[in-house]
Amino acid sequence: MKTTNVASEGTFRPSMRQRVLGRNPHGEGVTGLLFFAPALILVFGFKGLPLVRGILTSLTVKGHFVGLANYERMLKDHLWLESLGNAARGFVVLPIFIVVPLFLAAVLFQRVRGWKFFRATFFLGYVLPAAMAGIMFGIILGSNGPLLSFLRAVGLGGLAVPLLARTETSLWAVYSVVFWAWFGFGTLVYLGGLAAIPEDLYDAAKADGAGFLQTLMHITVPAVLPTMAYWTVVCTSGFLLGLFPFLHTLTAGGPGYSSLLPEYYLYRAFTQPVDPGYSSALGLSLFVFVLLITLLEIRLLYGRAE
Amino acid sequence: MASPTVAPSERTPAGRRAQRSRLRPGRIAVFIFLSLITVAVLFPIAYVFNESLISAAGLRNGTLLAIPPSLDSLSEVWRRSGMPLSFINSLIYSSGSVIALWVVGSMAAYAGTKLKMKGRNALLFGIVLFLALPFQTILYPLFAQIKDLGWVNERYGLIVVMTAFGLPVTIFQFAAYFRSLPNEVVEAAKIDGASALRTLFQVILPMSMPVLAITGVLNAIWTWNAIYLPLILITKRDNQTMVVTLAQLVGESGVTNTTAASIAVLGMLPMVIFFLIAQRTIIKGMASGAVRG
Amino acid sequence: MQVRRVPLMGAAARRKGLTAFASLAIVLAACGSGASTAPSAASPTSANVTAGATAAATAVEPVTLHVVHWFESGANDALNATFKEFEQANPGVTIETEQVPYGQYFQKVGAYLAAGDGPDMIMGQGGLSHLEWKDSLVPIDSQITDVKSKVVGWQTGVNYAVPFSLQGHLLAYRNDVLTQAGLDPANPPQTWRQMADACTKILALGKQCIATGFKDIPQVLGVALAQLTTSPKDYVNGFKFTDPPIADSLRLLQDMIQRKWLDPSLADLDRAGAYDKFIKGDAAFLVALLVSPLEGYANLTKVLGENNYGMTLLPTPEADFPIPGLSISSESTRLDAGVGQLWVVPKWSKHQQEAIALAKFFTDKNVQFDLAKAGAIFPASTEIDSSLIPSPQYQKLVGYLKQVRVNPWWELRPQFYVHGQIAEEQLMLLGKEDATQAAANIQALAP
């Protein structure tokens, strides 16, 4: 990639005009900066600056500097702690989000008849607006909905529980809907990873008489580990920051506080009579979580690249 | 970074099809298994579609199937949700931010991969690092900033913010693609005397259809489906997106399950149609774009 | 003369507004009453200002009034028609409206208040505190004497708002289910005891008694029950959720739950599910919304037919039943009505007189009737001729107006209570908490 022509270095200095227009093959720093400028302005203006502003605001109450008082308040805010606890509970289902799509991808990769159709259909849920999927499943899982009506009709009325309306089940019901929406995306990601596995590995396995499961465990899974790591990170940040539309239309955090997740609590803290300092402190503490995770993500991606 | 080939998943299985497509009991079982999952995916959609067509009489009698279908509920939702204005708003937000992301994103990625400047990698990395900063975590300061600029309720305000938050991923995707393009292409354009801008827009981008399609399609879907940012930044109904307008209808009085179903159907329809049209690109985009980040 | 919907702070509108402000300022300065001296309302002469007088004053100089509200679709159209009428009666006055969806409305108004600038007339909701805004509002007591008898819903203290609609909740019931249970639909339950008896019979049929959704409970029953147990004087010096009158309302809710009037095994999370249950005949009662566009009512008539359902008030608790020793306020009301919508005029308005005249215009019985007919509001007017109302059900509803006493509960309940109430009452319905715990938990949310 580095093709700097050392021989001609220093033989002439390009004019500013030449630099800007990029006619000079040696120094394109100014052009480069100009090319970077819009992106830098947008990213720093609407992410960097608000971040700094958020940090400063989080140290204030009604415009007065209060040090870390907002963070102390956060540690005693039982609703915030409860929402973090709910998020932590949610990670129990993460393995399902990781393994099931891999299994489906491995099955599809066998080129079952109509695999392209299946692949497309599985993925449909991810394309639809999550808020609308939430409204849809509010009906499906509701007490007049098809699921409970079916259970009652086949004599399993005892199991006919409105899942979204129970403290014990509401969080899992939300994650089920999320799974419906996301598993096709995961399958697609894994299919991409699977396609990168050299074919001769499979041919060798076949020659050894390995079955589907043996091939899956001994060839597919090890080879697809980087993809799996990537998908794990995507799901993790999705769990922490991508569930708002589902929560908004499915449970609004209820019943009680059973499906209250940090991002939804943030929204509530924002829409109530705004308490800028506290709202900023909550946001930043969530940011610390996500930052750690995304650093991992970047590391993984760059790790693979090199 | 992997090669720029877009959909590896398209490639390999097709190549091996001839060897393996024998009909075996196991294969039939697998087919049935996959069909069942398909039913699980499609059933809720079919159910609400049917529910949305139930008439008032059907509602009263608790009919299961909408026979004969009635458009009453759908048309009521259409009327109450400010259609088609909200649809046009969504169209403006999606297309506006996609175009902005193409221009801004490709320029930064080009500078970061093909221009000879010091610190280009650091700048690229710096921007991509902001992937880590989701808007939820800076909700209040972001809103305060937009308010200071007087951009609350302005269409361009939402477009700019959506662009800013879509940029890191888009730049990442562009950069990955540009890296795979041979430097000779750029050198040749320079020898012909083309400026960097011309090189990018007239030489490089026409060669970059796959990544344009991918970033375009992905960002269009994400901005179309977004509700958090529009809820925060747009309070004027006339400027609100279709998805938010519909979602807000659910809480209103006199909403039955049939109304709610109509809301969901109307809200999903544009994306279903988009998916049917652009299915290949979407799937390619997700498969490759996802692997890259 | 048309009602335009322009962004309030749009450059063009602002420029136009400034011109109008400037010219009006000259006129008013000549009259010796500066528009910016806030309680100009207190001056004796302005007490007699009516829409007509305003017209005379402003016929020379055009005035643009900016109005912000949340009415949608049909209600929005009816509102705009009223504005048009006012414009026709007051040449020179132009009304520009800004419609903000309800979900974002109060955030938006909060921004105006923070900025100390914005529209000339703001729609408020009785249930949420316009009194929280009072520092920015014009007190209007001296100017409303001529319309005070026209509508109900005025404040007992200083008035900052012109109420023009009512809202509240009643019980709708299905005639067929009541008959099936051996009850007389013409005589629905009136007391808690009668309701207990009715619900037992209905439950025996395998049906739900009161269809309700989780999201409804605090919005509907919690508020309604508080109306039964409290009186305005309970709120004079602020209140706590753990104080007897309000804690008692939670005890009544608990009684409802224990008697299975509300069935948690069937309760849906949203209103739509409960509504469906009632329409399909799986429940005898529905907490019906007597809110603005009467959409609940209109829909019931559309789906069930006018003569197949009825409306009644909430049952009254008695001294010995259901909770012995429960203090029932002599001022309690069975109709948990409160002011629906109201208009307030902010101090920053340069056209306070015109804005107040416009607000008062809404108390006119014909305006009220037209808005009600369009389904935009449930009228607060005491003068509407109910014989003009074609629907007997609607007539009955209007008849309930006589029982309305506006309870400050709605005005005084702060946001953190609302959120806490939603969550804690959901937990009560699920049997996770009792009334005492719930009251304590809600109170614990107070900063």
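Quick note: numbers below take in every heavy atom, side chains included, and nothing from hydrogens, waters or symmetry partners. In what follows, chains carry the letters A, B, and so on, assigned in the order in which the sequence lines appear, proteins first and then strands, with residues in each chain numbered from 1.
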What part of Val107(A) gets closer than 4.5 Å to chain B, counting heavy atoms only: side chain, backbone, both or neither? side chain
Non-hydrogen atoms of chain A under 4.5 Å away: do they reach the side chain of Pro168(B), the backbone, both or neither? side chain
Counting only non-hydrogen atoms closer than 4.5 Å, does Thr170(B) touch chain A with its backbone (N, CA, C, O), its side chain (CB onward), both, or neither? neither
Under 4.5 Å from any heavy atom of chain B, what part of Leu33(A) do you find: side chain, backbone, both or neither? both
Looking at Leu34(B), Val160(B), Thr38(B), Leu139(B), which one has more heavy-atom pairs under 4.5 Å with chain A than the rest? Leu34(B)
Counting heavy-atom pairs under 4.5 Å with chain A, the top scorer among Gly105(B), Ser106(B), Ala108(B) is Ala108(B)
Relative to the ring of Tyr264(A), is the ring of His248(A) parallel (under 30°), tilted (30 to 60°) or perpendicular (over 60°)? tilted
Mind ranking Tyr126(A), Phe123(A), Trp180(A) by heavy-atom pairs under 4.5 Å with chain B and telling me who comes out on top? Trp180(A)
About how many Å separate CG of Leu147(A) and CZ of Phe137(A), when rounded to the nearest 0.5 Å? 10.0 Å
In terms of heavy-atom proximity below 4.5 Å to chain A, should Ile191(B) be classed as side chain, backbone, both, or neither? neither
So for Phe165(B), is it side chain, backbone, both, or neither that comes closer than 4.5 Å to the heavy atoms of chain A? both
Quick one: sort the Phe122(A) and Phe118(A) rings into parallel, tilted or perpendicular, breaks at 30° and 60°. tilted
Contact check, side chains of Tyr47(B) and Ile139(A), non-hydrogen atoms, under 4.5 Å: yes
With side chain to side chain contact (heavy atoms under 4.5 Å, CB included) as the test, would you mind laying out the steps for Leu282(A) and Tyr140(B) before giving the verdict? CA-CA 10 Å; Leu282(A) 289 177; Tyr140(B) 173 76; over 6 Å; no
Ala40(B) portion near chain A, given a 4.5 angstrom heavy-atom threshold: backbone
Leading residue by heavy atom contact count with chain B [cutoff under 4.5 Å; candidates Ser285(A), Pro38(A), Gly283(A)]: Gly283(A)
Which bit of Ile140(A) comes within less than 4.5 Å of chain B, counting heavy atoms only: side chain, backbone, both or neither? side chain
Which region of Val272(B), side chain (C-beta onward) or backbone (N, CA, C, O), has a non-hydrogen atom less than 4.5 Å from a non-hydrogen atom of chain A, or is it both or neither? both
Most contact-rich option vs chain B, by heavy-atom pairs under 4.5 angstrom, among Leu128(A), Leu104(A), Leu124(A), is Leu128(A)
Between Phe185(A) and Trp231(A) (judged by ring centroids, cut-off 6.0 Å), do the two rings come close enough to count as a pair? yes
From CA spacing to verdict: side chain to side chain contact (heavy atoms under 4.5 Å, CB included), Phe49(B), Leu269(B): CA-CA 10 Å; Phe49(B) 182 66; Leu269(B) 199 61; over 6 Å; no
Heavy-atom cut-off 4.5 Å, strictly under: side chain, backbone, both or neither for Gln145(B) against chain A? both
Residue, of Ile45(B), Ile221(B), Leu42(B), Leu266(B), that accumulates the most heavy atom pairs under 4.5 Å with chain A: Ile45(B)
Which bit of Leu167(B) is near chain A, if near means a heavy-atom gap under 4.5 Å: side chain, backbone, both or neither? side chain
Considering only heavy atoms, which portion of Phe44(A) lies under 4.5 Å from any heavy atom of chain B: side chain, backbone, both, or neither? side chain
Between Pro44(B), Ala264(B), Ala164(B), the one whose heavy-atom pairs under 4.5 Å with chain A are most numerous: Pro44(B)
Would you call Val161(B) and Trp151(B) a side-chain contact if the rule is heavy atoms closer than 4.5 Å? no
Less than 4.0 Å between a side-chain N and a carboxylate O, is that true for Asp192(B) and Arg198(B)? no
Starting from the C-alpha separation in whole Å, work towards a yes-or-no answer on side chain to side chain donor-acceptor pair (under 3.5 Å) for Thr57(A) and Thr60(A). CA-CA 5 Å; Thr57(A) 315; Thr60(A) 63; 5.5 Å; no
I want to know whether Phe174(B) and Tyr110(B) have ring centres closer than 6.0 Å. no
Within a radius of less than 6.0 Å around CZ of Phe150(A), do more than 12 heavy atoms belonging to other residues, nucleotides or ligands occur? no
Under a 4.5 Å heavy-atom cut-off, does chain A meet the side chain of Ile171(B), its backbone, both or neither? side chain
What residue in Val41(B), Ile138(B), Val104(B) has the most heavy-atom pairs under 4.5 Å with chain A? Val41(B)
Winner by heavy-atom pair count (cut-off under 4.5 Å) against chain A, out of Gly119(B), Pro182(B), Pro141(B): Pro141(B)
Is the closest side-chain heavy-atom distance between Lys116(A) and Ile283(B) below 4.5 Å? no
For Phe31(B), is it the side chain, the backbone, both, or neither that has a heavy atom closer than 4.5 Å to a heavy atom of chain A? both
I'd like to know whether Leu49(A) forms a side chain to side chain contact (heavy atoms under 4.5 Å, CB included) with Arg53(A), so could you lay out the CA-CA distance, the side-chain angles of the two residues, the decisive distance to 0.1 Å, and finally the verdict. CA-CA 6 Å; Leu49(A) 211 59; Arg53(A) 200 170 165 166; 5.9 Å; no
Given a strict heavy-atom distance threshold of 4.5 Å, which part of Leu276(B) is in contact with chain A: side chain, backbone, both, or neither? neither
Under 3.5 Å, side chain of Asn225(B) to main-chain N/O of Val127(A), donor-acceptor pair present? yes
Between Pro146(A), Ala120(A), Gly125(A), Gly32(A), which residue shows the highest count of heavy-atom pairs closer than 4.5 Å to chain B? Pro146(A)
